[in-house]
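See structure below.
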Amino acid sequence: MSVTILSKVWLVCSMGFVLALAASWACAGEEAYEARVFRDGEETLPYRLLVPAGYDPVESYPLVLFLHGAGERGEDNSAQLKHVVSIFTTPENREQYPAFVVVPQCPAGVWWSEVDLSWEAQRFSPEPSRPLALVRKLLDALEEEYSIDADRRYVMGLSMGGFGTWDTLARWPDHFAAGVPICGGADLATAEKIAGIPVWVFHGARDPVVPVRLSRTMVEALRAAGGEPRYTEYPEAGHDSWTPASQEPELLPWLFAQRRGE
């Protein structure tokens with residue numbers, strides 16, 4: 001067999017190994033999230049929960065709320081794990097950043113926040129959507145069940161969940177220590193409420209779904225209100241700016257360093 005053929009065989013085998021390894025990591029990541037259902041009267045909300053490795057109720061742990069995008073809505077209690085949340089389950093991150101990560105699933109046909117799909121100026125409704133209201137109750141229930149650090153609660157989300165992240169921060173600004181809205185948009189009138197909360201905003205400059213100006217204008221509004229938002233715009237990225245965002249080496253160190261009121 002020639003050297004060229006051997007090289008090709010080696011390349012194919014190596015690629016197969018890498019793909020198999022990636023698949024096994026993804027599977028392991030999903031399995032790390034316990035499938036649960038939150039009940040409030042007759043209403044239910046499926047969610048997944050990552051419990052810190054070696055959880056000790058004597059200690060208190062940070063909590064990350066992750067809000068998925070519109071494409072992951074439903075009731076299978078699985079689709080919401082498709083993007084980003086696997087970063088919390090790598091062995092090194094579980095060891096370095098022991099935290100609760102809660103990933104609720106929004107029902108089909110509704111939204112975390114009411115969104116103007118014409119992409120004109122966003123105006124959040126006076127009351128939270130039913131799914132977001134259930135999420136808020138879920139967080140309170142988890143704090144009764146587990147030892148969670150009240151000064152280290154975080155919210156992040158992408159696309160529909162990016163809007164939901166902004167909405168969550170605006171509705172409960174005293175509850176969260178930081179936020180990470182990815183390719184979302186916000187109600188500019190809420191900027192003063194959340195200007196004091198650390199946020200790291202991500203968007204793709206070529207986003208064909210959610211216009212990048214929605215993040216740009218909110219960042220400008222926060223700065224005008226005295227905030228110091230961190231903003232990363234990927235010049236060549238489209239809507240899936242969550243992919244490079246989740247690969248940012250400083251994302252988790254930055255997130256878990258934030259404390260409420262500091």
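Keep in mind it's a predicted model, so treat the numbers as computed, not measured.
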(request) Using a strict cut-off of less than 4.0 Å between a Lys/Arg side-chain nitrogen and an Asp/Glu carboxylate oxygen, indicate whether R230 and E248 qualify as a salt bridge. (result) no

(request) Could you list the residues that satisfy salt bridge (charged side-chain N to carboxylate O under 4.0 Å, His left out) with D174, not counting sequence neighbours? (result) none

(request) With sequence neighbours left out, write down each residue that passes salt bridge (charged side-chain N to carboxylate O under 4.0 Å, His left out) with D187, or none if nothing qualifies. (result) R123

(request) Taking all non-hydrogen atoms of both residues into account, name the closest pair between I87 and N93 and its distance. (result) O-ND2, 2.7 Å

(request) State the OH-OG1 distance between Y234 and T243, to the nearest 0.5 angstrom. (result) 9.5 Å

(request) State yes or no: do V103 and V110 share one hydrophobic cluster built from I, L, V, M, F, W and Y residues joined by side-chain heavy-atom distances below 4.5 Å, directly or via other members? (result) no

(message) Could you measure the distance from the CG atom of L251 to the CD1 atom of I182? Nearest 0.5 Å is fine.
(response) 7.0 Å

(request) Verify side-chain contact (heavy atoms from CB on, under 4.5 Å) between L63 and Y146, making sure each step is shown before the conclusion. (result) CA-CA 10 Å; L63 177 143; Y146 293 105; over 6 Å; no

(message) Quick one: does any side-chain atom of Q105 pair with a main-chain N or O of D76 as donor and acceptor, under 3.5 Å?
(response) yes

(request) Determine the minimum heavy-atom distance between F88 and L50, stating which atoms define it. (result) O-CD2, 3.8 Å

(message) Please find the pair of heavy atoms, one from L222 and one from A191, that lie closest to each other, and give the distance.
(response) CD2-O, 3.6 Å

(message) If you define the side chain from C-beta out and look only at heavy atoms, does anything of H203 sit under 4.5 Å from V219?
(response) no

(request) Taking the side chain as every heavy atom from C-beta outward, state whether S86 and L81 have any pair of such atoms under 4.5 Å apart. (result) no

(message) Whether the side chain of N77 engages the backbone of R36 through a donor-acceptor N/O pair (distance < 3.5 Å, no angle test) should be reported.
(response) yes

(message) Show, in sequence, the C-alpha distance, side-chain angles and deciding distance for Q80 and R48, and conclude whether the side-chain contact (heavy atoms from CB on, under 4.5 Å) test is met.
(response) CA-CA 9 Å; Q80 75 268 36; R48 291 293 191 112; 3.8 Å; yes

(request) Examine the side chains of E233 and S215 and answer whether a donor and an acceptor come within less than 3.5 Å of each other. (result) no

(request) Test side-chain contact (heavy atoms from CB on, under 4.5 Å) on C106 and H68 and set out the steps. (result) CA-CA 8 Å; C106 186; H68 64 77; 3.7 Å; yes

(request) Using a cut-off of 6.0 Å, state whether more than 12 heavy atoms not belonging to E95 lie near its atom CD. (result) no

(message) When you measure from the side chain of T165 to the backbone of V155, do you find a donor-acceptor pair of N or O atoms at a distance under 3.5 Å?
(response) no

(request) For atom CD of E192, decide whether the heavy atoms of other residues, nucleotides or ligands shown that lie under 6.0 angstrom number more than 12. (result) no

(message) Under 6.0 Å from the ring centre and within 45 degrees of the ring axis: does the NZ or CZ of R73 meet both conditions for the six-membered ring of W112?
(response) no

(request) Report yes if some heavy atom in the side chain of W166 is under 4.5 Å from a heavy atom in the side chain of T190; otherwise report no. (result) no

(request) Flag the pair R136 / R171 as yes when at least one side-chain heavy-atom distance between them is below 4.5 Å, and no otherwise. (result) no

(request) Nearest 0.5 Å please: distance from the CG atom of L67 over to the CE atom of M160. (result) 8.0 Å

(message) When you compare the side chain of D167 with that of W111, does any pair of heavy atoms fall below 4.5 Å?
(response) no

(message) To the closest 0.5 Å, what do you measure between CG (L132) and CD (E127)?
(response) 11.5 Å

(message) Testing the basics here: between W200 and P181, what is the closest heavy-atom pair and its distance to 0.1 Å?
(response) O-CD, 3.3 Å

(message) Please find the pair of heavy atoms, one from A178 and one from L169, that lie closest to each other, and give the distance.
(response) O-CD2, 4.3 Å

(request) Could you check if a side-chain atom of F202 sits within less than 4.5 angstrom of a side-chain atom of L158, using non-hydrogen atoms only? (result) no

(message) What's the separation between atom OH in Y154 and atom CH2 in W254, rounded to the nearest 0.5 Å?
(response) 9.0 Å

(message) By the definition ring pair (Phe, Tyr, Trp, His ring centres under 6.0 Å), identify the one residue from Y55, F256, Y97 that meets it with Y61.
(response) Y55

(message) Contact between M156 and V64 at the side-chain level, heavy atoms closer than 4.5 Å - yes or no?
(response) yes

(request) Please check if V115 and V209 belong to a single hydrophobic cluster, counting links between Ile, Leu, Val, Met, Phe, Trp and Tyr side chain heavy atoms closer than 4.5 Å. (result) yes

(request) Taking atom CD of E145 as the centre, report whether more than 12 heavy atoms of other residues, nucleotides or ligands fall under 6.0 Å from it. (result) yes

(message) Under the criterion side-chain contact (heavy atoms from CB on, under 4.5 Å), I'd like the reasoning laid out for V85 against Y33: C-alpha separation, chi angles, the key distance, then a yes or no.
(response) CA-CA 10 Å; V85 295; Y33 285 89; 3.4 Å; yes

(message) So, taking the atom named CD in E144 and the one named CG in L139, what distance separates them when rounded to the nearest 0.5 Å?
(response) 12.0 Å

(message) Could you check whether any side-chain heavy atom of M218 comes within less than 4.5 Å of a side-chain heavy atom of I194, counting everything from C-beta outward?
(response) yes

(request) Of all the heavy-atom pairs spanning S113 and F163, show the shortest one and how long it is. (result) OG-O, 3.8 Å

(message) Holding to salt bridge (charged side-chain N to carboxylate O under 4.0 Å, His left out), I want the full list of residues that pass it with E43, two or more places apart in sequence or in another chain.
(response) R130

